[in-house]
Amino acid sequence: DGNKLTEVENYISAKYPEVENDSFFGIAKGKNIIMVSMESTQSFLLNQKINGQEITPFLNKFAKQSYSFPNFYHQTGQGKTSDAEFLIENSLYPLDRGAVFFTHPNNEYVALPELLKPNGYYSAVFHANNKSFWNRDVIYPAFGYDRYFHNGDYETTPETSTQWGLKDKEFFKQSIPYLTSLQQPFYTKLITLTNHYPFDLPEEEQMLPPYDSNDQTLNRYFQTVRYMDEALEQFIQDLKDAGLYDNSVIILYGDHYGISENHNKAMAAYLDKESITPFDHIQLQRVPLFVHIPEKKGKVIPTVSGEIDVKPTILHLLGISSNKDFHFGQQLFAKKREEFIILRDDSFITKDLIYTKGVCYDKKTGEETEMGSCTPYIHQSKAELEYSDNIIYSDLLRFFPGNKYKTGELKTDY
Ligand code: GP9
Ligand code: MN
């Protein structure tokens with residue numbers, strides 16, 4: 001079985017033969033990592049107005065001070081938020097059905113919290129919902145998390161919560177004292193909740209004039225997105241006040257779409273299109289990714305990228321060599337990236353092509369193009385997803401030499 005892992009490793013090194021030592025390697029060595037999972041946040045919201053008002057004024061500002069990736073795609077399946085976490089911390093694909101958080105929590109993983117341990121990093125995750133939601137309390141120890149702050153650690157009243165748990169403003173506020181008390185350097189992840197379907201928010205907390213379409217879901221979505229935007233603004237200010245802003249890399253990412261295909265009619269009207277084609281649908285799967293690095297001005301990096309790329313990127317910034325790691329993604333600052341992102345439903349995106357539902361599209365025009373251009377990528381995406389699935393189904397990372405800890409050894413009492 002160890003041979004099966006070697007086969008995957010050979011595939012990966014053939015895919016990215018270039019070992020690059022660009023100027024970003026180690027640029028944030030020893031800094032804290034503060035990552036925020038932005039619930040259901042899609043890129044189409046950025047730099048847009050409704051009724052003359054910006055939807056995400058803070059994110060738009062923050063993007064300009066960060067490295068931002070306008071062609072970053074979510075790659076999640078039915079495991080939604082948990083799939084995004086899985087992709088980002090393991091650089092493996094989630095499964096094509098079910099949630100890997102539930103089906104394979106006892107596997108050996110080489111996840112970020114565990115990888116950073118030998119470099120002195122303490123790790124913690126913050127999420128004000130039941131600790132067992134998505135089986136998080138069972139799988140986080142396998143990722144190497146030292147501490148999981150869950151709803152038992154937060155004070156919640158009916159006024160400060162929605163059906164999903166604590167509202168984001170209160171969540172961030174109560175997280176700050178925990179965050180400041182952690183041993184540094186730390187690796188942390190905060191998971192927001194308010195911008196979750198059905199996007200409920202009391203009227204007095206709605207800060208945008210109501211959007212007026214006949215799709216109430218879309219109308220409410222704009223309100224909860226703006227609420228999250230304000231919560232993030234306050235959080236970043238609190239990080240500055242706590243002295244954490246200047247010694248932390250801050251990473252904000254959208255976990256997956258918020259507006260499903262059931263709302264294509266309203267989305268088409270909003271985007272001023274006749275309809276949402278399968279091509280448009282794929283382009284709507286872009287979610288924000290902002291990476292703020294202390295003392296760096298940042299810039300827009302349009303490379304085609306996805307959640308699978310975040311783990312190698314973090315290791316790269318911290319100056320940790322990639323041969324200690326196992327990942328399918330490619331770090332985002334590489335000059336020669338292979339622009340090829342595979343979605344969990346077999347769709348893929350390259351620099352020039354989009355393939356979905358059996359049709360090959362020219363990315364520039366959105367028109368159908370001859371299948372021949374897509375064929376080699378179709379084969380490769382099938383193979384790559386299968387390699388990743390095999391790793392999960394056969395628990396192949398048991399054989400990875402860089403795997404320092406057995407899952408059982410990492411068990412922490414939360
Ligand atoms: C639940 C939250 C939302 O704890 O992470 O999960 P989702 O439904 O978006 O996967
Ligand atoms: Mn989610």
Side-chain angles (χ1 to χ4, degrees), residues 35-45 56 59 72-90 93-105 124-140 143 145 147-154 156 160-172 174-175 188-201 217-218 220-221 224-225 227-229 231-232 251-263 284-289 306-308 310 343-345 414:
M35 191 151 64
V36 179
S37 164
M38 299 188 293
E39 179 58 43
S40 302
T41 307
Q42 289 174 249
S43 293
F44 79 84
L45 298 156
T56 57
L59 287 180
F72 179 79
Y73 293 80
H74 86 80
Q75 298 164 287
T76 63
Q78 292 171 344
K80 306 295 289 288
T81 308
S82 70
D83 279 358
E85 296 181 57
F86 189 78
L87 277 147
I88 281 177
E89 295 183 318
N90 294 285
Y93 293 91
L95 297 177
D96 68 342
R97 69 180 70 171
V100 59
F101 267 38
F102 273 113
T103 58
H104 295 80
V125 54
F126 301 77
H127 185 49
N129 192 0
N130 292 332
K131 71 172 177 181
S132 59
F133 203 98
W134 283 130
N135 212 26
R136 287 181 171 108
D137 56 332
V138 179
I139 204 166
Y140 282 161
F143 291 175
Y145 269 112
R147 179 72 159 95
Y148 173 19
F149 296 93
H150 49 76
N151 68 350
D153 296 288
Y154 292 86
T156 308
T160 56
S161 46
T162 67
Q163 55 176 286
W164 282 97
L166 202 54
K167 279 183 273 190
D168 294 344
K169 287 185 185 175
E170 194 62 28
F171 163 63
F172 283 125
Q174 291 188 35
S175 298
T188 53
K189 172 171 69 177
L190 296 97
I191 306 170
T192 67
L193 260 181
T194 310
N195 187 41
H196 193 292
Y197 183 85
F199 315 117
D200 276 334
L201 197 65
T217 298
L218 184 61
R220 286 197 306 269
Y221 182 57
T224 48
V225 166
Y227 173 90
M228 184 194 68
D229 185 80
L232 283 162
I251 301 172
L252 312 183
Y253 72 87
D255 61 352
H256 51 73
Y257 66 82
I259 300 299
S260 75
E261 282 170 298
N262 300 336
H263 304 277
L284 282 169
Q285 304 313 304
R286 284 177 291 188
V287 293
L289 174 69
E307 289 169 334
I308 201 117
V310 174
L343 307 188
R344 191 54 257 201
D345 69 351
Y414 296 134

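Whatever order the structure lists them in is the order used to number ligands and atoms, beginning at 1. Computed over heavy atoms, backbone and side chain alike; hydrogens, waters and symmetry mates excluded. Heads up: numbering here begins at 1 and tracks the sequence.
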Closest non-hydrogen atoms of Pro105 and Phe102, given as atom of the first, atom of the second and distance, are CD-O, 3.4 Å

Any chance you could lay out the ring-ring contact (aromatic ring centres under 6.0 Å, His included) test for Phe101 and Phe133, step after step, and finish with the verdict? CA-CA 10 Å; Phe101 267 38; Phe133 203 98; over 10 Å; no

Across all chains, not counting sequence neighbours, the ring pair (Phe, Tyr, Trp, His ring centres under 6.0 Å) partners of Phe44 are Tyr270

All heavy atoms of Gln174 vs all of Tyr154, minimum pair found to be OE1-CA, 3.4 Å

Shortest non-hydrogen pair, Asp168 vs Asn195, comes out as OD2-N, 4.3 Å

Between Asn151 and Ala128 the two heavy atoms that sit nearest each other are CB-C, 3.9 Å

Go ahead and list the nitrogen or oxygen contacts between ligand 1 and the protein that come in under 3.5 Å, distances to 0.1 Å, or just say none.
| residue | atom | partner | partner atom | Å |
| --- | --- | --- | --- | --- |
| ligand 1 | 4 (O) | His127 | NE2 | 2.6 |
| ligand 1 | 4 (O) | Asn129 | ND2 | 2.9 |
| ligand 1 | 4 (O) | Arg136 | NH1 | 2.8 |
| ligand 1 | 5 (O) | Thr81 | OG1 | 3.4 |
| ligand 1 | 5 (O) | Arg136 | NH2 | 2.8 |
| ligand 1 | 6 (O) | Thr81 | OG1 | 3.0 |
| ligand 1 | 6 (O) | Trp134 | NE1 | 3.3 |
| ligand 1 | 8 (O) | His196 | NE2 | 2.7 |
| ligand 1 | 9 (O) | Glu39 | OE1 | 3.4 |
| ligand 1 | 9 (O) | Glu39 | OE2 | 2.9 |
| ligand 1 | 9 (O) | Thr81 | OG1 | 2.6 |
| ligand 1 | 9 (O) | His196 | NE2 | 3.3 |
| ligand 1 | 9 (O) | His256 | NE2 | 3.1 |
| ligand 1 | 10 (O) | Thr81 | N | 3.0 |
| ligand 1 | 10 (O) | Thr81 | OG1 | 3.0 |
| ligand 1 | 10 (O) | Trp134 | NE1 | 3.0 |

Flag the pair Arg147 and Asp153 as a salt bridge only when some basic side-chain nitrogen lies within less than 4.0 angstrom of an acidic carboxylate oxygen. yes

Excluding water, the protein N, O or S atoms sitting under 2.8 Å from the Mn ion (ligand 2) are Glu39 OE1, Glu39 OE2, Thr81 OG1, Asp255 OD2, His256 NE2

Residues at least two apart in sequence or cross-chain that pass ring pair (Phe, Tyr, Trp, His ring centres under 6.0 Å) with His256, listed by chain then number, are none

* Within 45 degrees of the axis of the six-membered ring of Tyr140 and under 6.0 Å from its centre: does Lys189 put its NZ or CZ there? -> no

